[in-house]
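What follows is one structure encoded as structure tokens, with my remarks underneath.
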Amino acid sequence: MTVSRAHRHGPSPSLARESADGQTPAERIRPDETVGPPPSPMIPARRTHLLRTTVPAHPSRASGVRTMVAEYLMRLRLPRECVDNAVLATGELFSNAIRHGSPGAADAITVTIEYTQRDLRVTVSDRSSALPCPRTADRAEESGRGLAIVDALADEWGIAPPEPGTTGKRVWFTLELQGAR
């Protein structure tokens, strides 16, 4: 399932902050891991940066996930608008995975970031096979707008089956990087 974004909105406020211990989540993770085909003399190599982390499915982890995403993308020197939009959309998918996709207290959520020179793709995986369902929230409701926010920020988003040998689903979004076409 793929949903295309109708138009781009302005950037959201940045959520990147240094942690209390002085070490940032991105510093604890090796953000310069590179995967992709070996260089070929005829075809230029397309570098892909990949970050994957699994965290407990608990609301207290949401801030750390947003901070990790922001710091990682800033180290890749992505435009501020892209970083802010990715952080906000990731936060919404992570919150949805906690609320709707994690039936047990011991469950975990996996966040995967794939970056190429053309686009950024973020995938949030949980153990529930229940598919997300976009809806229109009433004005008085305090929740129910997560997928609408993702739709407004992302160029595309969708749902994929779980990785082989696992249960659940993967919800993803992509942001095309300006000038990459």
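- Taking CD from E156 and CH2 from W172, the interatomic distance works out to 5.0 Å, rounded to the nearest 0.5 Å.
- With a 4.5 Å cut-off on side-chain heavy atoms, R52 and T110 count as touching.
- Counting heavy atoms from C-beta outward, V65 and T90 have side chains that approach closer than 4.5 Å.
- A pairwise comparison of heavy atoms in D155 and E176 identifies OD2-N, 2.5 Å as the closest pair.
- In terms of heavy atoms, A97 sits closest to I109 at CB-CD1, 3.5 Å.
- Residues W157 and T174 are not in side-chain contact: their nearest non-hydrogen atoms beyond the backbone lie 4.5 Å or more apart.
- Between the side chains of T116 and T48, no donor-acceptor pair is found at a separation under 3.5 Å.
- Here the side chains of F94 and R66 are not in contact, with every heavy-atom distance at 4.5 Å or above.
- Scanning both residues, A86 and L120, for their nearest heavy atoms gives CB-CD2, 3.7 Å.
- Rounding to the nearest 0.5 Å gives a distance of 8.5 Å between CE of M74 and CG of D84.
- The backbone N or O of I159 lies less than 3.5 Å from no partner atom in the side chain of K169, so there is not a single donor-acceptor pair.
- Among all heavy-atom pairs drawn from S128 and H100, the shortest one is OG-O, 3.8 Å.
- Pairing each heavy atom of L177 with each of Q117, the nearest pair is CD1-O, 3.7 Å.
- Across G168 and P162, no two heavy atoms sit closer than the pair O-CD, 3.1 Å.
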Criterion side chain to side chain contact (heavy atoms under 4.5 Å, CB included) on I113 and V69, from CA distance to verdict: CA-CA 8 Å; I113 303 169; V69 171; 3.9 Å; yes

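- Contact of the D107 side chain with the D126 side chain is not registered, since no non-hydrogen atoms from C-beta on lie closer than 4.5 Å.
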Audit row: V55, T53, side chain to side chain contact (heavy atoms under 4.5 Å, CB included) steps and yes/no: CA-CA 7 Å; V55 296; T53 187; 4.2 Å; yes

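- Of the charged side-chain nitrogens involved, none lies within less than 4.0 Å of a carboxylate oxygen, so that R127 and E163 do not count as a salt-bridged pair.
- Here M68 contributes atom CE and L73 contributes atom CG; the two are 9.0 Å apart, rounded to the nearest 0.5 Å.
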Side chain to side chain contact (heavy atoms under 4.5 Å, CB included) between L50 and Y115, worked out: CA-CA 7 Å; L50 176 68; Y115 162 71; over 6 Å; no

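- When side chains are defined from C-beta on, L175 does not count as touching D119, because their heavy atoms never get closer than 4.5 Å.
- With 3.5 Å as the limit, one finds no donor-acceptor pair spanning the side chains of T123 and R170.
- No donor-acceptor pair under 3.5 Å is formed between the side chain of N85 and the backbone N or O of L153.
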Derivation and outcome, side chain to side chain contact (heavy atoms under 4.5 Å, CB included), residues L88 and I149: CA-CA 8 Å; L88 182 56; I149 291 170; 4.0 Å; yes

